[in-house]
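What follows is a set of notes on a single structure, which appears directly below.
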Amino acid sequence: MPILVTGGAGYIGSHTCVELLNQGYEVIVLDNFANSNPEALTRVEEITGKTMKAYHVDLLDRESVKEVFEQNKIESVIHFAGLKAVGESVSVPLYYYQNNITGTVILCEVMQEYGVKNLVFSSSATVYGTPDKVPIKEDSKLGATNPYGRTKQMIEEILRDVAFSDPSWSISLLRYFNPIGAHQSGRIGEDPNGIPNNLMPYISQVAIGKRQQLQVFGNDYPTKDGTGVRDYIHVVDLAIGHLRALEKVQSIKGIEAYNLGTGIGYSVLEMVETFRKVSGRPIPYELTDRRSGDISTCYADPAKARDELNWQAMRGIEQMCKDSWRWQYHNPNGYNKAFSKQNIRNDRNPVRYAAGFFNV
Ligand code: WQD
């Protein structure tokens, strides 16, 4: 029976679709393409040699979400769809609460209506806010410090209430640390809109010559070289973590949170140096003030995912940088930017195989 992947055209969603298809799952994607490109789905099919259904649907459109469940006997849901820019969430919080929280509530109501109660939810380490100690365990105090992070924290609470009200639900909350890298084919990867907020896409755009230089936000943190330390995790390791969590929700009821990180922290300057080495490109940078809201150090204790999901990250920082660079080098402008939203036919019932759907 098929797995529904909401936000399946996004960075982590598309990489997870590759692993699901390679594992033999039937995959159905639901995406509104607000923050993703349909081209990613065509490339997922190219990489795997498999096909999947794609629905151009917004989670806030309840009737269309119901249509997806009406037309497919969905077994489980992996829920990525959501807005995720910290800075943007501070300026338009209501947009984030409406999109992320209401969208998730509608999804869960429709799942309940169709008796689908296996859910893997894309949460984030940002729910920890400023950690009181590192490495961070799942029972650490939660305290998101921005609207984006608060949507993730609130959704986790909503899902705990759902699981408490109906023990037949089975839910995994996956708290990602810092996903970077790309599939080794170089055909799918991170494709941020506009100026990248995150470190790795910015570094790779400097390397390709699209950005002049990197601004290093602060070098006066209490860390090895004064710059911020994070737990970078290869997006393919992260995707595989979703398959382990899917197996878990298909076998055991209840709700659990898991940190998906490597357990190793790297500083900004270590990332710059590693990327320079693997790409052979200079990465000019300037040291500037701290970015407001940033924390000094954040990395996971990944023991619970190892013990309960039989999962751990396998790819190291050089591999992450190599794969990021290959994606950027072969896709200097990300996915085909010429492919704009009006190319997507807004059929009443836009059921198409990904490749077919987008050959409009
Ligand atoms: C990493 C380090 C910056 C850009 C964010 C979200 C989090 C999650 C992952 C969704 C920090 C420094 C960055 C730059 C820099 N996303 N930096 N110059 O802030 O740890 O986490 O992305 O779940 O929710 O908060 O990631 O990549 O923005 O920053 O010096 O141009 O790189 O100060 O130390 P962050 P990041």
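Start at 1 and go down the list; that is how both ligands and their atoms are numbered.
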* Structure fact -> For Glu75 and Gln250 the tightest heavy-atom approach is OE1-NE2, 2.6 Å
* Asked: Between Trp169 and Phe121, does the ring centroid distance fall short of 6.0 Å?
  -> no
* Asked: What do you reckon, are the aromatic ring centroids of Tyr176 and His242 less than 6.0 Å apart?
  -> yes
Nearest-contact summary for [atom] - protein heavy atom, Å:
atom: atom 34 (O) of ligand 1; answer: Gly228 CA, 3.6 Å
atom: atom 2 (C) of ligand 1; answer: Tyr232 OH, 3.6 Å
atom: atom 6 (C) of ligand 1; answer: Val86 CG2, 3.8 Å
atom: atom 20 (O) of ligand 1; answer: Arg230 NE, 2.6 Å
atom: atom 12 (C) of ligand 1; answer: Val268 CG2, 3.7 Å

Can you list the ligand 1 atoms lying under 4.0 Å from a non-hydrogen atom of [X]?
X: Arg291; value: 3 (C), 19 (O), 28 (O), 29 (O), 36 (P)
X: Asn197; value: 4 (C), 28 (O)
X: Asp294; value: 3 (C), 33 (O)
X: Val216; value: 30 (O)
X: Thr126; value: 24 (O)

* To do: Run down the list Tyr266, Tyr221, Tyr285, Phe217 and name the one with the heavy atom closest to atom 30 (O) of ligand 1.
  => Phe217
* Asked: Considering only heavy atoms, which of Ile180, Leu199, Thr227, Asn178 lies nearest to atom 35 (P) of ligand 1?
  -> Asn178
* Min N/O separation Asn198 to ligand 1 under 3.5 Å -> yes
* Asked: Does Gln215, backbone or side chain, put an N or O under 3.5 Å from an N or O of ligand 1?
  -> yes
* **Passing option when Ile240 is tested against His234, Arg315, Met314 for side-chain contact (heavy atoms from CB on, under 4.5 Å)** => Arg315
* To do: Establish, yes or no, whether the cationic atom of Arg230 lies under 6.0 Å from the six-membered ring centre of Tyr299 and within 45° of the ring axis.
  => no
Ion pair present between [X] and [Y], side-chain N to carboxylate O less than 4.0 angstrom?
X: Arg326; Y: Asp323; answer: yes
X: Glu46; Y: Arg187; answer: yes
X: Arg43; Y: Glu39; answer: yes

* Which part of Tyr148 is near ligand 1, with near meaning a heavy atom under 4.0 Å away: side chain, backbone, both or neither? -> side chain
* Under a single-linkage definition using a 4.5 Å side-chain heavy-atom cutoff for Ile, Leu, Val, Met, Phe, Trp and Tyr, are Tyr55 and Val116 assigned to the same hydrophobic cluster? -> yes
* To do: Anything under 30° is parallel, anything over 60° is perpendicular, the rest tilted; go ahead and classify Phe275 against Trp325.
  => perpendicular
